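A, B, ... follow the sequence lines: proteins, then strands. Residue 1 opens every chain. This structure is a prediction, so every number in the text was calculated from the model and none was measured.
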Number of protein chains: 2
Amino acid sequence: MSTPLSIKIDRSSPIPLYHQVAQGIEGAIRDGSLASGTRLENEIELAQRLRLSRPTIRKAMDDLVQSGLLVRKRGVGTQVVSSQIRRHLELSSLNDDLERAGKKPSTTLLSFEHIPAPEQIQELLSLPKDVSVYHFTRLRSAGGSPLALMENWVRDDIVELDEKSLRAHGLYELLRDAGVNFRLAQQRIGATIADDIQAKALDAEAGSALVTMQRTAVDDTGRNVETGSHVYRADAYSFEMTLVQR
Amino acid sequence: MSTPLSIKIDRSSPIPLYHQVAQGIEGAIRDGSLASGTRLENEIELAQRLRLSRPTIRKAMDDLVQSGLLVRKRGVGTQVVSSQIRRHLELSSLNDDLERAGKKPSTTLLSFEHIPAPEQIQELLSLPKDVSVYHFTRLRSAGGSPLALMENWVRDDIVELDEKSLRAHGLYELLRDAGVNFRLAQQRIGATIADDIQAKALDAEAGSALVTMQRTAVDDTGRNVETGSHVYRADAYSFEMTLVQR
DNA sequence: GAAGATTTCTTGTCAGGACAATTGGACAAG
DNA sequence: CTTGTCCAATTGTCCTGACAAGAAATCTTC
């Protein structure tokens, strides 16, 4: 019943042991050697076999349960969940998503300005009085066809932005390189109808469906770094997520 | 710097200690006695004061970090995150959502049938050959105005459904009462344009924006219990969520 | 054979301790 | 005044050990 499951543990690696275990199990699930519905070895046995403690194994499994790959049941065991598409809605950017998916995203900078924060933005970002913002709009395309129209505001006391770098790199990439560690984001997803301007930019018809997304991202020091309002062509993009009951 | 933070621990309670701690901290945050940005006592001190072990405290804080209420930083401490609206997207039904918002939802059953599963549904639910499904559409209204049009398929070997109970109760309520414990759901959110039928049902104009949501829910035994395809009036509903970096 | 009691298996909770890694500030050196 | 170094504070990781609770299988009894 219990699958063998060979995982290599490198105790000299800087990667935490529990994470090595989690990666090992996740890998086995993704490459199919652990099929959906399979029951895993029990925690104690696995711990002994890998010469790790049970809490370490549990921590690894906890993480996988959190991300929706495993299901545990007391008295029964741990199972691999049914084989759906298992992409988690993560704190990531569209750029990252597309690159992972193997598409080649390209970005056109439509406008760029460095201005005092409008009142609404100042509120959204909880800005001190003397902080200004960068405001810019970009068009993101994938595979040659336009996909998203993105309007963003970024506070200017954390990173210095200019048109050139924005043309060459994704926003989140630039922020990460500037030492910003994102921790949280609040976002809202809805729908709207394309107006003439949006339609023209996205090469769609006026009146066609768009997915809207507003997001405000917070870094590890508690600052609201960035807020943005994006619209996506509904026929080309949707948000997928796995919800986990806790 | 460290806030006193009084939490009552009841060791005779069936509620796990770590959960009592988490509830205590969460309560203090929500009622304002722990303001945003406040630094918490360090883990060891808090453990000693409550006469609990450090792992127990850590487990409590882990959960709160997961749900986006706290942020930890090694070498620094643990902080309450900024006072955004801290609602997170949970595994819940629209009915639950509305009840929390204080509105009074009402449901109209538009159609109901008990049929062999169409091929596509059979695939989505990973159904065995001999299992049929209930298929029904409902209109959900709040405050007298229509809000959502919901089409669902439920496998018939887990719960017995009929028109009467569906008129009286929410779907998730019925399933929970039948002993179904949900663990996961995969969902996709997008947008579309209202066609004539949808527009008429939702009391909107044809061509107006709709938010679409497809969801498949999995119970604790790994079965795909239910799948549904819902559309919401975009001017009345959107999905909010807090994403946490892991 | 069926119903109930018992045992066994597995995860859930909790304790206590040890050391590592990171951060920020204080302090010393240039 | 700037730079680098050290130190203290705090969370991160990992270990061992123990018992509780729920679920399923097995045994017992009628």
Side-chain angles (χ1 to χ4, degrees), chain A residues 1-3 5 9-23 25 38-66 70-81 179 181 183 219-222 245-246, chain B residues 1-3 7 9-23 25 38-66 70-81 179 181 183 219-222 245-246:
Chain A
M1 180 96 324
S2 51
T3 317
L5 185 61
I9 299 298
D10 176 7
R11 298 195 85 103
S12 68
S13 158
I15 299 172
L17 299 177
Y18 69 83
H19 201 246
Q20 292 185 37
V21 175
Q23 283 179 330
I25 297 176
T38 317
R39 246 192 47 222
L40 266 67
E41 268 177 284
N42 73 59
E43 298 171 352
I44 298 176
E45 197 180 309
L46 186 57
Q48 286 177 348
R49 207 159 55 75
L50 299 181
R51 305 196 190 287
L52 296 171
S53 72
R54 190 180 157 212
T56 301
I57 301 295
R58 268 188 78 76
K59 168 80 168 140
M61 289 189 173
D62 274 345
D63 289 354
L64 295 174
V65 168
Q66 264 314 305
L70 298 179
V71 170
R72 281 196 287 214
K73 255 181 115 178
R74 176 187 289 192
V76 180
T78 306
Q79 280 190 325
V80 180
V81 308
N181 298 307
R183 276 300 157 88
D219 79 352
D220 56 1
T221 63
Q245 182 77 300
R246 315 211 316 150
Chain B
M1 179 93 327
S2 49
T3 318
I7 294 176
I9 299 298
D10 176 7
R11 299 194 84 101
S12 67
S13 159
I15 299 173
L17 299 177
Y18 70 84
H19 200 246
Q20 292 185 39
V21 175
Q23 284 178 330
I25 298 176
T38 317
R39 248 194 43 220
L40 267 66
E41 266 177 285
N42 73 58
E43 299 171 351
I44 297 175
E45 196 179 310
L46 186 58
Q48 286 175 350
R49 207 160 54 74
L50 298 181
R51 305 194 191 286
L52 295 171
S53 71
R54 187 178 161 216
T56 302
I57 300 294
R58 267 188 80 75
K59 167 82 168 140
M61 290 190 170
D62 275 345
D63 289 354
L64 294 174
V65 168
Q66 266 312 306
L70 298 180
V71 170
R72 282 195 285 215
K73 248 182 126 178
R74 176 186 292 193
V76 180
T78 307
Q79 277 191 326
V80 180
V81 309
N181 299 306
R183 277 298 159 88
D219 78 353
D220 56 2
T221 64
Q245 182 75 297
R246 315 211 316 148

So what does A:Ser53 hit on the nucleic acid, given a heavy-atom distance under 4.0 Å: a base, only sugar-phosphate, or nothing? base
Partner of A:Leu70 under side chain to side chain contact (heavy atoms under 4.5 Å, CB included), picked from A:Asp63, A:Leu40, A:Asp62, is A:Leu40
Of the listed nucleotides (D:dC15, C:dA15, D:dT11), which one gets closest to any side-chain atom of A:Arg11? D:dC15
Tightest non-hydrogen contact, residues B:Ala22 and B:Ala60, listed as N-CB, 3.8 Å
How many whole angstroms separate atom CZ of A:Arg58 from atom C1' of D:dA18? 14 Å
Separation of C:dA15 P from B:Gln48 CD (nearest whole Å): 13 Å
Does B:Thr56 have a side-chain nitrogen or oxygen under 4.0 Å from the phosphate oxygens OP1 or OP2 of C:dT13? no
If I take atom CD1 in residue B:Ile57 and atom C1' in nucleotide D:dG12, what distance separates them, rounded to the nearest angstrom? 16 Å
Residue B:Leu17, side-chain atoms from C-beta onward, closest of D:dT11, D:dC14, C:dA15: C:dA15
What are the two closest non-hydrogen atoms of B:Ile44 and B:Asn42, and how far apart are they? N-OD1, 3.0 Å
So what does B:Ile44 hit on the nucleic acid, given a heavy-atom distance under 4.0 Å: a base, only sugar-phosphate, or nothing? base
Provide, to the nearest angstrom, the distance between the CG atom belonging to A:Asp63 and the C1' atom belonging to D:dG12. 13 Å
Among the nucleotides D:dT10, C:dT11, C:dG24, which one has an atom lying closest to any side-chain atom of A:Asn42? C:dT11
Can a donor-acceptor pair be found, under 3.5 Å and without considering hydrogens, that links the side chain of B:Gln20 to the backbone of B:Asp10? yes
A:Thr78 side chain N/O closer than 4.0 Å to the phosphate oxygens (OP1, OP2) of C:dT11? yes
For D:dT13, does either OP1 or OP2 sit under 4.0 Å from a side-chain N or O belonging to A:Tyr18? yes
Name the residue closer to the 5' end of DNA chain D, choosing between A:Ile15 and B:Glu43 according to the nucleotide with the nearest heavy atom. B:Glu43
Which atoms form the tightest heavy-atom contact between A:Arg49 and A:Glu41, and what is the distance? NH2-OE1, 2.6 Å
Please report, rounded to the nearest Å, how far the P atom of D:dT11 is from the CG atom of B:Asp62. 12 Å
What nucleotide among D:dT13, C:dT11, D:dA23 has an atom nearest to a side-chain atom of A:Val76? D:dA23
Taken to the nearest whole Å, CD/A:Gln79 to P/D:dA24 is 11 Å
B:His19 NE2 to D:dA20 C1', straight-line distance once rounded to whole Å: 18 Å
So B:Pro16, base contact, sugar-phosphate only, or nothing? Heavy-atom distance under 4.0 Å. sugar-phosphate
Check: B:Arg54 side chain, D:dG12 base, donor-acceptor under 3.5 Å: yes
Residue whose nearest DNA chain C nucleotide is more 5′ - A:Arg72 or A:Pro55: A:Arg72
Rounded to whole Å, please give me the gap between CD in A:Glu41 and P in C:dC9. 16 Å
dist A:Ile9:CD1 -> A:Leu17:CG (nearest 0.5 Å) comes out at 6.5 Å
